[in-house]
Amino acid sequence: QVQLVESGGRLVQAGGSLRLSCSASGRTFSSYIMGWFRQALGKEREFVAAIRWRGGSTYYADSVKGRFTISRDRAKNTVYLQMNSLIPEDTAVYYCTARRGSYYSTAANEYNYWGQGTQVTVSS
């Protein structure tokens, strides 16, 4: 059974940095796309970034491009989201997710597995 466990969310000031981690277990992820989504209060869940487990190529939402970096450590089965230059609009619950396949998707309903989420709050 696939399990995704996020950690690292907390309160941070605008302009600061934060790194989220997602520990993945339950299967081999070599054929998976790993992603991060976020959901702000009262808003729909939105795509943030994704990485192809095999090869490590990445894809980002325009709103975070140049500020966020997604990466993975295959030995630790962990996916990271490094977030720099944070702004209050980045405040949300951040979810780690996984989908089997070779192409990126920005649609939440195309991802098969989800973590429980970690809260990121950016104060102005």
Tell me the closest heavy-atom pair linking [X] and [Y], and the distance in Å.
X: Gln119; Y: Ala92; value: NE2-O, 3.5 Å
X: Ser124; Y: Ala14; value: CA-CB, 4.3 Å
X: Arg52; Y: Ser57; value: NH1-OG, 2.7 Å
X: Tyr60; Y: Ala49; value: CD2-CB, 3.6 Å
X: Leu86; Y: Val12; value: CD1-CG1, 3.6 Å
X: Trp53; Y: Arg74; value: NE1-CG, 3.6 Å

Original post:
Does some side-chain heavy atom of Met34 sit less than 4.5 Å from a side-chain heavy atom of Arg72?
Top reply: no

Hey, does the side chain of [X] reach the backbone of [Y] with a donor-acceptor pair shorter than 3.5 angstrom?
X: Thr78; Y: Lys76; result: yes
X: Thr28; Y: Ser30; result: no
X: Ser31; Y: Arg100; result: no
X: Tyr94; Y: Leu81; result: no
X: Tyr104; Y: Thr58; result: yes
X: Arg99; Y: Glu110; result: yes
X: Gln3; Y: Ser25; result: no

Spatial distance of atom [atom1] ([X]) from atom [atom2] ([Y]) [nearest 0.5 Å]:
X: Phe37; Y: Gln39; atom1: CZ; atom2: CD; answer: 11.0 Å
X: Arg27; Y: Asn77; atom1: CZ; atom2: CG; answer: 12.0 Å
X: Tyr111; Y: Thr106; atom1: OH; atom2: OG1; answer: 7.5 Å
X: Gln13; Y: Ser123; atom1: CD; atom2: OG; answer: 5.0 Å
X: Leu18; Y: Gln82; atom1: CG; atom2: CD; answer: 8.0 Å

Subject >> Near-ring test Tyr59/Phe47, centroid separation under 6.0 angstrom >> reply: yes

Subject >> side-chain contact (heavy atoms from CB on, under 4.5 Å) evaluation trace for Cys96 with Trp36 >> reply: CA-CA 5 Å; Cys96 179; Trp36 288 94; 4.1 Å; yes

Original post:
Under 6.0 Å from the six-membered ring centre of Tyr95 and within 45° of its axis: does the NZ or CZ of Arg45 meet both?
Top reply: yes

Between [Y] and [X], is there a side-chain donor-acceptor contact under 3.5 Å, judged purely by atom types and distance?
X: Asn84; Y: Ser17; value: yes
X: Arg67; Y: Ser85; value: no
X: Arg19; Y: Tyr80; value: no

Subject >> Working for side-chain contact (heavy atoms from CB on, under 4.5 Å), residues Arg38 and Thr91 >> reply: CA-CA 9 Å; Arg38 66 186 181 186; Thr91 295; over 6 Å; no

Original post:
Which word best sums up how the rings of Tyr113 and Tyr32 line up, parallel for under 30°, tilted for 30 to 60°, or perpendicular for over 60°?
Top reply: tilted

**OP:** Dump the intermediate steps for side-chain contact (heavy atoms from CB on, under 4.5 Å) on Ile33 and Ile51, then the final yes or no.
**Re:** CA-CA 6 Å; Ile33 300 290; Ile51 186 168; over 6 Å; no

Original post:
Given Ile70 and Val79, is the side-chain contact (heavy atoms from CB on, under 4.5 Å) satisfied, shown in steps?
Top reply: CA-CA 7 Å; Ile70 188 172; Val79 180; 4.0 Å; yes

